[in-house]
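Encoded as structure tokens, the structure appears first; notes follow it.
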Amino acid sequence: MSETSIKTFKNAAIVNTFADLKAIENSDTNIAVCERETIAMQHEIALLMERKVQLKLQGAQSELLKQLAQQLNVSDANESLIYNDIKALLTTFEKISASPTFRLSLLTVASDMCRRFHTDVNDLRLLCTYHGKGTMWLPEEAADRIKYQNGGDNYAIVKNPELIQQTQAGDVIILKGALYPNAVAALHRSPSIEESAEQRLLLRIDTQQFANFS
């Protein structure tokens, strides 16, 4: 990890390059966030949301990129910023996870999806909200793991609401799940958008050790 990485919570690494997302491999880290802006992609993002894109793909990286180019109607990959961004994220995630195959979704979302803070039954997940509110996550300092395991609601799970964290549009987050060896899975949830009629454009990449959607 480069010297630009900043550790703000004991279970999280906040970084500013894709390469530094490998901090997720640290034994005491279950969340890695790359903070960035995606201003240059806004036109393409708006077009995808206008289409209400709902892509769900699976396979090895080369097959995924082929399917993605077809679904996005990309004739020249060099002309699509969002295609190249997803390609870079998939390449990064492949290096970190060492998985041969993936599930990739690029979705226009108008629901609250997973409202309760929860962990995923997988090993690693990458999320990027290209537009709209990002993923909410908990530092360990703010989480009551016992109440979570006992089925408590968010009010019980969150010990200190002021410590709830949330990614911004464009940020990339990698989360450890319950299947990651010797790890405490990351507690996170989807943002509330239904009441305000907001929408999100969400990229999700999972290894094939996958169960939940969030």
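The analysis underlying the following values was restricted to heavy atoms, covering all of them including side chains, and did not include hydrogens, waters or symmetry mates. Positions are given from 1, in the same order as the sequence printed here.
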Pick from I205, L72, L57: which one makes a side chain to side chain contact (heavy atoms under 4.5 Å, CB included) with L106?
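In the set I205, L72, L57, the residue that makes a side chain to side chain contact (heavy atoms under 4.5 Å, CB included) with L106 is L72.
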How many angstroms lie between [atom1] in [X] and [atom2] in [Y], if you round to the nearest 0.5 Å?
{"X": "N26", "Y": "N11", "atom1": "CG", "atom2": "CG", "result": "12.0 Å"}
{"X": "R103", "Y": "L64", "atom1": "CZ", "atom2": "CG", "result": "11.5 Å"}
{"X": "L127", "Y": "R200", "atom1": "CG", "atom2": "CZ", "result": "8.0 Å"}
{"X": "L81", "Y": "I86", "atom1": "CG", "atom2": "CD1", "result": "11.5 Å"}

Is E63 atom CD crowded by more than 12 heavy atoms from other residues, nucleotides or ligands, each under 6.0 Å away?
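Yes - once you tally the heavy atoms of other residues, nucleotides and ligands closer than 6.0 Å, there are more than 12.
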Other residues, nucleotides and ligands only: do more than 12 of their heavy atoms fall within 6.0 Å of CD on E195?
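For E195, atom CD is not crowded (no more than 12 foreign heavy atoms under 6.0 Å).
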Under a single-linkage definition using a 4.5 Å side-chain heavy-atom cutoff for Ile, Leu, Val, Met, Phe, Trp and Tyr, are I164 and I193 assigned to the same hydrophobic cluster?
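Unlinked, I164 and I193 end up in two clusters.
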Could you see if V184 belongs to whatever hydrophobic cluster contains I173? Use Ile, Leu, Val, Met, Phe, Trp, Tyr and a side-chain cutoff under 4.5 Å.
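They do not share one cluster, since no chain of ILVMFWY contacts under 4.5 Å joins V184 to I173.
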List the atom of T207, the atom of S97, and the distance in Å for their closest heavy-atom pair.
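Answer, listing the atom of T207 first, then S97: CG2-CB, 3.7 Å.
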Between K147 and D144, what is the shortest heavy-atom contact and its length?
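Closest heavy-atom pair between K147 and D144: N-OD1, 3.0 Å.
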Give a yes or no on whether the backbone of [Y] and the side-chain of [X] come within a donor-acceptor separation of less than 3.5 Å.
{"X": "T167", "Y": "T135", "result": "yes"}
{"X": "Q71", "Y": "L55", "result": "no"}
{"X": "R189", "Y": "R116", "result": "no"}

Test: K159 and E141 ion pair at under 4.0 Å:
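No.
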Residues R204, D120: salt bridge by 4.0 Å N-O rule:
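Judged by the 4.0 Å cut-off on N to carboxylate O distance, R204 and D120 do not form a salt bridge.
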